[in-house]
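The block underneath contains the structure these notes are about, expressed in structure tokens.
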Amino acid sequence: MDSKKQNKIAIGTLYGIAGLVVLILLALLGYILASGLPQLSWHFLTAPAKAFLKGGGVGVQLFNSFYLLILAMAISFPIALGAAIYLYEYARDNWITTTIRTAIEILSSLPSVVVGLFGFLFFVVKLRLGFSILSGAFALTFFNLPLLTRSIEDSLRTIDLEQREGGLALGLSRWETITRVILPAAVPSILTGVILSAGRVFGEAAALIYTAGQSAPALNFADWNPFNISSPLNPMRPAETLAVHIWKINSEGIMPDAKAISSGSSAVLIIAILLFNFAARYVGKRLYKRLTSA
Amino acid sequence: MFINNDVTRATAMQERHVVQPNDAGHPIILSTEGLHVFYGKKEALFEGDLQFGSNQITALIGPSGSGKSTYLRSLNRMNDRIATVTGKIMYRGVDINQPAIDVYEMRRRVGMVFQRPNPFAKSIYDNIAFALRLRGTTDKHELDEIVETSLKQAALWDQVKDDLNKSALALSGGQAQRLCIARAIAVKPDILLLDEPASALDPVSTSQLEDTLLDLKQHYTIIIVTHNMQQAARISEYTAFFNQGRVLEYDTTSQIFTNPQVQVTSDYVSGNFG
Ligand SMILES: Nc1ncnc2c1ncn2[C@@H]1O[C@H](COP(=O)(O)OP(=O)(O)OP(=O)(O)O)[C@@H](O)[C@H]1O
Ligand SMILES: [Mg+2]
């Protein structure tokens, strides 16, 4: 066989594989959206769920998903940022940093159900936080921290060494150089990483089933005192998220319209995650443009 | 018969030839004594004893890897976390190579411009103003004035005066390098260190940059590393020739280029190696 022919076959095969992957993805997406979109309505997005009757919504679950996301991000982002700055800007390569990096690698490849079980044993049982938003947020932090740290470290890596030397040469300290020169330049790329990881956290179920719990007590959206049990802001209440809701309905849902609700919820979840991804690109590009041209 | 050519040459040429500047009009502002630099265990600079007269341009030349950058970066302690530097660096009578020195303050007196232009991802204005703001200059008029004079000194003002709020990353290479010079002189240093500042620039920008440096000489002492012999000859009063981590020859630029005393220098400036 001559090499021209070989080349053609190789390219054809690669195109075929790539096409197949895209096709599968599109089919999945199409199926989820086609079966889910008809279920969507304002009522569906805002009403509380019903256990036995038709016509329940996912309002509480949707709120829980966002609340958990914000809490988890509020906890994990500062830690990840600090860890990434330490690892990339300050730490020298020695056994301590090697250990930390290895730990991050391992943590980031941990199956999320293991993170969930750890969260159950440690936060729910040992620390007596119970099935609560707080337990869930901590579990999500463990799930999110390694990936976010790595993504911020990668963002810092994209900023030239010359930028750091430029700052130092002006008489800035290393800390001033990092906070005034490096971080502002890295913001677009850091933000992209944060939004992408937010999408992953938003869709996470396994880490939450045994930590934030599988029930969604009705909430009084007029009560914003975080110490009241029916307040949406109360961090000690159990909080089923959208992703957990889908899992729950499909495994033990007994409402008559379980299938429709599951389809609708899946569509909402997929749309939310798609939005996160598009937002990440858009915001990253916009910010980069604002910083580089003008 | 018994005088062969090579022998005459060997006796006429020296191993090392150093004439420190001694010009009454240009008092020595910076000098190094017994400077050694180690990267880990590897010694990259075996000794560099040079003196620099104020308001003069000194060129550091020599083949690649000869230690020019290593020497230059030691002068404002940019090598602090990278290399071990021993010996004295006397700046206006103070040894700035000791732990007690406030490096941040010192670097504001001894500024530096790098080979690759490195404007920050900020506006042109902020590239210059932000380091000043950090050190407490907050008055808008004062900042405006410093930005304007620095840009004028760096010969960039006329090109950017209407675009001060635009991102510095949109500037051309030559403009970006001028901005870096403006940024360095805005903090009012005494000495400007430049490491091959024109090597990333086209010939026109290079010659503009040289004119700028000649102007800046009135206010600053300039030490410049360059691979470009013509550049060294055009702008500098003194030239130091580095080879394999040593200063082999130091003298006035005209001496180095027309009458070098060391064989290696002679080979290098005549283009026979390097
Ligand atoms: N960060 C570093 N770590 C280890 N060795 C280094 C480092 N920087 C430079 N060196 C070594 O020190 C020696 C002198 O390098 P230096 O960069 O000072 O040369 P130079 O004269 O500036 O060369 P060039 O003209 O190519 O810029 C070289 O052998 C180089 O490999
Ligand atoms: Mg160099």
Side-chain angles (χ1 to χ4, degrees), chain A residues 81 84-98 152 154-194 283-294, chain B residues 69 72-73 75-82 102-135 163-171 176 179-180 182-189 192-195 200:
Chain A
L81 184 66
I85 290 178
Y86 170 74
L87 280 175
Y88 191 71
E89 303 286 347
Y90 284 98
R92 288 160 188 263
D93 280 329
N94 55 26
W95 67 269
I96 302 180
T97 47
T98 314
I152 298 179
D154 287 341
S155 304
L156 295 176
R157 192 166 290 131
T158 60
I159 308 297
D160 291 340
L161 182 68
E162 279 98 339
Q163 295 278 315
R164 297 173 174 83
E165 300 213 302
L168 292 178
L170 285 178
L172 308 192
S173 66
R174 291 167 61 73
W175 179 244
E176 284 169 332
T177 304
I178 292 167
T179 52
R180 307 300 173 119
V181 178
I182 306 304
L183 284 183
V187 157
S189 136
I190 291 179
L191 206 70
T192 308
V194 167
V283 173
K285 261 193 201 144
R286 269 294 292 266
L287 267 176
Y288 185 77
K289 247 200 185 142
R290 258 194 58 186
L291 286 169
T292 51
S293 62
Chain B
S69 299
L72 192 78
R73 291 167 54 88
L75 296 180
N76 67 341
R77 307 248 318 246
M78 287 301 283
N79 273 335
D80 265 11
R81 277 170 52 96
I82 302 163
D102 177 352
V103 226
Y104 307 127
E105 179 54 34
M106 181 274 285
R107 287 191 188 132
R108 296 164 70 76
R109 310 279 198 87
V110 186
M112 186 168 227
V113 174
F114 299 81
Q115 181 168 3
R116 262 209 309 162
N118 57 350
F120 300 136
K122 303 178 186 296
S123 70
I124 294 173
Y125 186 95
D126 280 339
N127 257 274
I128 299 174
F130 101 103
L132 300 164
R133 277 199 211 99
L134 268 181
R135 288 294 171 275
D163 299 328
L164 292 180
N165 291 319
K166 288 198 179 158
S167 167
L169 301 187
L171 294 174
L179 178 64
C180 293
R183 185 173 78 187
I185 58 188
V187 294
K188 304 211 163 60
L192 259 189
L193 310 174
L194 304 104
D195 195 346

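Below, all heavy atoms of this structure are taken into account, side chains as well, without hydrogens, waters or symmetry copies. Chain identifiers are assigned alphabetically (A, B, ...) following the order of the sequence lines, protein sequences preceding nucleic acid strands; residue numbering begins at 1 within each chain.
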### Toward chain A, the part of Pro117(B) with a non-hydrogen atom under 4.5 Å
neither
#### Entry: Shortest non-hydrogen separation from Ser173(A) to Tyr104(B) and the atoms involved
CA-CE2, 3.4 Å
### Query
What is the distance from atom CG of Asn118(B) to atom CD1 of Ile159(A), rounded to the nearest 0.5 Å?
12.5 Å
### Task
Taking Arg135(B) for its side chain and Gly171(A) for its backbone only, find out whether a donor-acceptor pair lies under 3.5 Å.
yes
### Message
Holding to side-chain contact (heavy atoms from CB on, under 4.5 Å), I want the full list of residues that pass it with Thr98(A), two or more places apart in sequence or in another chain.
### Response
Thr102(A)
### Query
For atom CZ of Arg77(B), is the number of surrounding heavy atoms from other residues, nucleotides or ligands below 6.0 Å larger than 12?
yes
### Query
Is a donor on one side and an acceptor on the other found under 3.5 Å between the side chain of Lys122(B) and the backbone of Pro184(A)?
no
### Query
What's the shortest heavy-atom distance between Ala169(A) and Met112(B), and which atoms?
CB-CB, 4.0 Å
### Message
Going by ring pair (Phe, Tyr, Trp, His ring centres under 6.0 Å), name the residues that satisfy it together with Phe120(B), two or more places apart in sequence or in a different chain.
### Response
Phe130(B)
## Note on the structure
Between Arg183(B) and Leu170(A) the two heavy atoms that sit nearest each other are O-CD2, 3.6 Å
## Note on the structure
CD (Glu165(A)) and CD1 (Ile82(B)) are apart, to the nearest 0.5 Å, by 5.5 Å
### Query
Mind checking which of residues 86-94 of chain A sit less than 4.5 Å from chain B, heavy atom to heavy atom?
Glu89(A), Tyr90(A), Arg92(A)
### chain B contact via Arg174(A) - which portion, at a heavy-atom distance below 4.5 Å
both
#### Entry: Residues which pass side-chain contact (heavy atoms from CB on, under 4.5 Å) with Asp160(A), listed by chain and number, not counting sequence neighbours
Glu162(A), Gln163(A), Arg116(B)
